[in-house]
Engineer: 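Mind having a look at this structure? Questions to follow.
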Amino acid sequence: MQEDRLYSDPALVDFYDVESTGRADFDHCRQLARGRRSVLDLGCGTGELAASLSGAAEIFGVDPAGAMLDVARRRLRGDAVTWVEGDARSVRLGRQFELVLLTGHAFQVFLTADDRRAVIQTIAAHLAPGGHFVFDTRNPAREEWREWTPERSRRTIEHPIHGLVTAWNGVERDPATGIVTYRTLYRLPDGVVLFADSQIAFPDREEIAQAIEGAGLAVERWMGDWNGGDWGLETLEIIPFGKRARDTLT
Ligand SMILES: C[S@@+](CC[C@H](N)C(=O)[O-])C[C@H]1O[C@@H](n2cnc3c(N)ncnc32)[C@H](O)[C@@H]1O
């Protein structure tokens with residue numbers, strides 16, 4: 001897995017929170033976190049979600065991108081979270097959590113089935129008895145990458161430091177692997193263009209279901225969006241919500 005400058009370059013990370021607005025996933029996860037004593041946010045990014053869960057006694061956020069975690073540490077209530085620079089495929093924190101989250105389509109940065117299985121095993125390794133997990137991935141059937149062309153994605157951003165910035169994307173999909181490579185570009189008022197190339201996968205529900213079962217987890221509900229709608233063939237998202245399989249026997 002190559003380093004993605006969208007998350008590792010502070011100049012690009014500066015755009016993450018500006019572009020990350022109207023997050024129904026965060027709202028849903030905050031509801032799920034109510035009354036839980038411990039929460040783990042894998043692929044926590046700039047930490048907006050984890051820092052907003054400060055009601056729980058123990059909150060951990062894990063991400064390999066130091067520049068994203070720098071934003072997380074500086075944020076209001078960022079000191080209530082234990083931030084760990086780590087890889088969700090292999091990290092082992094030696095503790096279990098009542099809720100394990102992986103949101104904002106962070107699951108899609110894992111490009112191979114082996115990597116996705118490893119991440120789901122990490123979820124299983126950190127799930128406390130009776131605890132729940134949830135993560136999201138875009139439904140490949142919706143082919144959302146088709147929207148990420150320069151024409152369709154062009155937008156103006158009001159950035160707190162730079163002022164008005166023009167942003168757009170470019171996209172390419174490898175038909176053999178289904179991996180989508182997209183470019184994110186920002187033109188600053190002085191004409192400088194910042195950009196990064198990112199790769200994401202679009203696994204289908206069957207593969208995810210098998211990996212979940214193989215990790216000793218069980219899905220209680222497949223959602224199709226973060227407003228709580230059920231999964232269906234044409235829903236935008238694939239969102240498994242579940243727990244340890246052995247908990248379903250008690
Ligand atoms: C689209 S962002 C989502 C961030 C955050 N969850 C949110 O919803 O705003 C994807 C995140 O996955 C992180 N990531 C990339 N590789 C990872 C890995 N191997 N383990 C954990 N997180 C990873 C990136 O650094 C980035 O912060």
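Numbers for residues simply follow the sequence, beginning at 1.
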Engineer: P203 pairs by side-chain contact (heavy atoms from CB on, under 4.5 Å) with which of L111, T137, I238?
Structural biologist: T137
Engineer: Is any side-chain heavy atom of F26 less than 4.5 Å from a side-chain heavy atom of W226?
Structural biologist: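 F26 does not reach W226 side chain to side chain.
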Engineer: Do L6 and W148 belong together in a cluster built from hydrophobic side chains that touch within less than 4.5 Å?
Structural biologist: yes
Engineer: Between E48 and R23, is the closest basic N to carboxylate O distance under 4.0 Å?
Structural biologist: no
Engineer: Is it the case that atom CD in E206 sees more than 12 heavy atoms from other parts of the structure closer than 6.0 Å?
Structural biologist: yes
Engineer: Knowing that exactly one of F202, F135, F133 qualifies, which makes a ring-ring contact (aromatic ring centres under 6.0 Å, His included) with F107?
Structural biologist: F135
Engineer: Has the side chain of S153 got a donor or acceptor atom that lies under 3.5 Å from a matching backbone atom of N169?
Structural biologist: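 Checked: pair present.
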Engineer: Might you work through the side-chain contact (heavy atoms from CB on, under 4.5 Å) test for V219 and I208, ending with a clear yes or no?
Structural biologist: CA-CA 10 Å; V219 176; I208 297 165; over 6 Å; no
Engineer: Please indicate whether R37 has more than 12 foreign heavy atoms, meaning atoms of other residues, nucleotides or ligands, lying under 6.0 Å from its CZ.
Structural biologist: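 Atom CZ in R37 is not packed in, count stays at 12 or less.
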Engineer: Salt-bridge test for R5 and D197: reply yes if a basic N is under 4.0 Å from a carboxylate O, no otherwise.
Structural biologist: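 No.
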Engineer: Side chains of R117 and T112: donor-acceptor distance under 3.5 Å anywhere?
Structural biologist: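 T112 and R117 do not have a side-chain donor-acceptor pair below 3.5 Å.
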Engineer: State, yes or no, whether a side-chain contact exists between D174 and T181 at a heavy-atom distance under 4.5 Å.
Structural biologist: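 Counting from C-beta outward, D174 and T181 never come under 4.5 Å.
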Engineer: Strictly below 4.0 Å, N to O, side chains only: are R173 and E143 in salt-bridge contact?
Structural biologist: no
Engineer: Measuring only between side-chain heavy atoms, which start at C-beta, is E237 closer than 4.5 Å to R142?
Structural biologist: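 No. Closest side-chain heavy atoms not under 4.5 Å.
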Engineer: Is any side-chain heavy atom of W145 less than 4.5 Å from a side-chain heavy atom of I200?
Structural biologist: no
Engineer: Rounded at 0.5 Å granularity, tell me how far CH2 in W168 sits from CZ in R183.
Structural biologist: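 Here the rounded value is 10.0 Å.
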Engineer: Using modelled atom types only, decide if a donor and an acceptor are shared between the side chain of H159 and the backbone of L188 within a distance under 3.5 Å.
Structural biologist: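 Such a contact is absent between H159 side chain and L188 backbone.
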Engineer: Rounded to the nearest 0.5 Å, what separation is found between the CG atom of L99 and the CD1 atom of I59?
Structural biologist: 10.5 Å
Engineer: Using side-chain heavy atoms (C-beta onward) and a distance below 4.5 Å, is T122 in contact with R92?
Structural biologist: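 T122 vs R92: side chains touch.
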Engineer: Applying the 4.5 Å side-chain criterion to the ILVMFWY set and letting contacts propagate, would L49 and V81 be lumped into a single cluster?
Structural biologist: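 Yes, same cluster.
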Engineer: Look up atom CG in D25 and atom CG in N227, then write down how far apart they are to the nearest 0.5 Å.
Structural biologist: 10.5 Å
Engineer: Do V62 and F97 belong together in a cluster built from hydrophobic side chains that touch within less than 4.5 Å?
Structural biologist: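 Yes.
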Engineer: Should I120 and V39 be counted in the same cluster of Ile, Leu, Val, Met, Phe, Trp and Tyr side chains packed under 4.5 Å apart?
Structural biologist: no
Engineer: Quick check: do R221 and D230 have side-chain heavy atoms less than 4.5 Å from each other?
Structural biologist: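 Yes; the side chains approach each other to less than 4.5 Å.
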Engineer: What closest approach, in Å, do Y7 and V13 show between heavy atoms, and which atom pair accounts for it?
Structural biologist: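 The answer is O-CG2, 3.3 Å.
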Engineer: Mind checking the CG-CE spacing from L12 to M68? Nearest 0.5 Å is all I need.
Structural biologist: 10.5 Å
Engineer: Let me confirm one number: the CG-CG distance from L127 to L40, rounded to the nearest 0.5 Å.
Structural biologist: 9.5 Å
Engineer: Looking at every heavy atom in both R152 and R146, which two are closest together, and how far apart are they?
Structural biologist: NH1-O, 3.4 Å
Engineer: I'd like to know whether L42 forms a side-chain contact (heavy atoms from CB on, under 4.5 Å) with V100, so could you lay out the CA-CA distance, the side-chain angles of the two residues, the decisive distance to 0.1 Å, and finally the verdict.
Structural biologist: CA-CA 7 Å; L42 290 169; V100 180; 3.9 Å; yes
Engineer: Counting distance only, does the side-chain N/O of W83 pair as donor-acceptor with the main-chain N or O of C44 below 3.5 Å?
Structural biologist: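 Side chain of W83 to backbone of C44: no pair is present.
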Engineer: Considering all heavy atoms of both residues, which atom of C29 and which atom of V134 are nearest to each other, and what is their separation?
Structural biologist: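 Taking every non-hydrogen atom into account, SG-CG1, 4.2 Å.
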Engineer: Let me check something: do F195 and V109 share a hydrophobic cluster, defined by ILVMFWY side-chain heavy atoms less than 4.5 Å apart, either directly or through other members?
Structural biologist: no
Engineer: Is D115 close to V119 at the side-chain level, that is, under 4.5 Å between some pair of heavy atoms?
Structural biologist: no
Engineer: Taking the six-membered ring where the residue is Trp, are the ring centres of H162 and F15 under 6.0 Å apart?
Structural biologist: yes
Engineer: Answer yes or no: does atom CD of E172 have more than 12 heavy-atom neighbours from other residues, nucleotides or ligands under 6.0 Å?
Structural biologist: no
Engineer: Please lay out, stage by stage, how N139 and L236 fare under the test side-chain contact (heavy atoms from CB on, under 4.5 Å).
Structural biologist: CA-CA 5 Å; N139 186 353; L236 264 184; 5.9 Å; no
Engineer: Counting C-beta onward and ignoring hydrogens, is there a side-chain heavy-atom pair between R244 and Q96 closer than 4.5 Å?
Structural biologist: yes
Engineer: Restricting to non-hydrogen atoms, name the atom on L102 and the atom on G43 that form the minimum distance, rounded to 0.1 Å.
Structural biologist: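 The pair with the smallest heavy-atom distance is CD1-N, 4.2 Å.
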Engineer: Kindly say whether V192 contributes a backbone atom to a donor-acceptor pair with the side chain of D190 at under 3.5 angstrom?
Structural biologist: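 Judged by distance alone, yes, a pair lies under 3.5 Å.
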Engineer: Can you give me the closest heavy-atom contact between S8 and A67, atom names plus distance?
Structural biologist: O-CB, 3.6 Å
Engineer: Look up atom CG in L217 and atom CD1 in I212, then write down how far apart they are to the nearest 0.5 Å.
Structural biologist: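 Nearest 0.5 Å value for the CG-CD1 distance: 7.0 Å.
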Engineer: Considering non-hydrogen atoms only, spot the tightest contact between Q121 and A215 and give its length.
Structural biologist: CG-CB, 4.0 Å
Engineer: May I ask you to check whether S38 and E98 show a side-chain donor-acceptor distance below 3.5 Å?
Structural biologist: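 No, no side-chain donor-acceptor contact under 3.5 Å.
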Engineer: Among V18, V193, D14, I157, exactly one meets side-chain contact (heavy atoms from CB on, under 4.5 Å) together with Y186. Which residue is that?
Structural biologist: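 Among the candidates, only I157 passes.
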Engineer: Any donor and acceptor pair, going by atom type alone, linking the side chain of D63 with main-chain N or O of G45 inside 3.5 Å?
Structural biologist: yes
Engineer: Please confirm whether the backbone N or O of L93 pairs with a side-chain atom of H126, one donor and one acceptor, at under 3.5 Å?
Structural biologist: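 Answer holds: yes.
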Engineer: Around atom CD of E220, are there more than 12 heavy atoms from other residues, nucleotides or ligands closer than 6.0 Å?
Structural biologist: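 Counting other residues, nucleotides and ligands, CD of E220 exceeds 12 neighbours.
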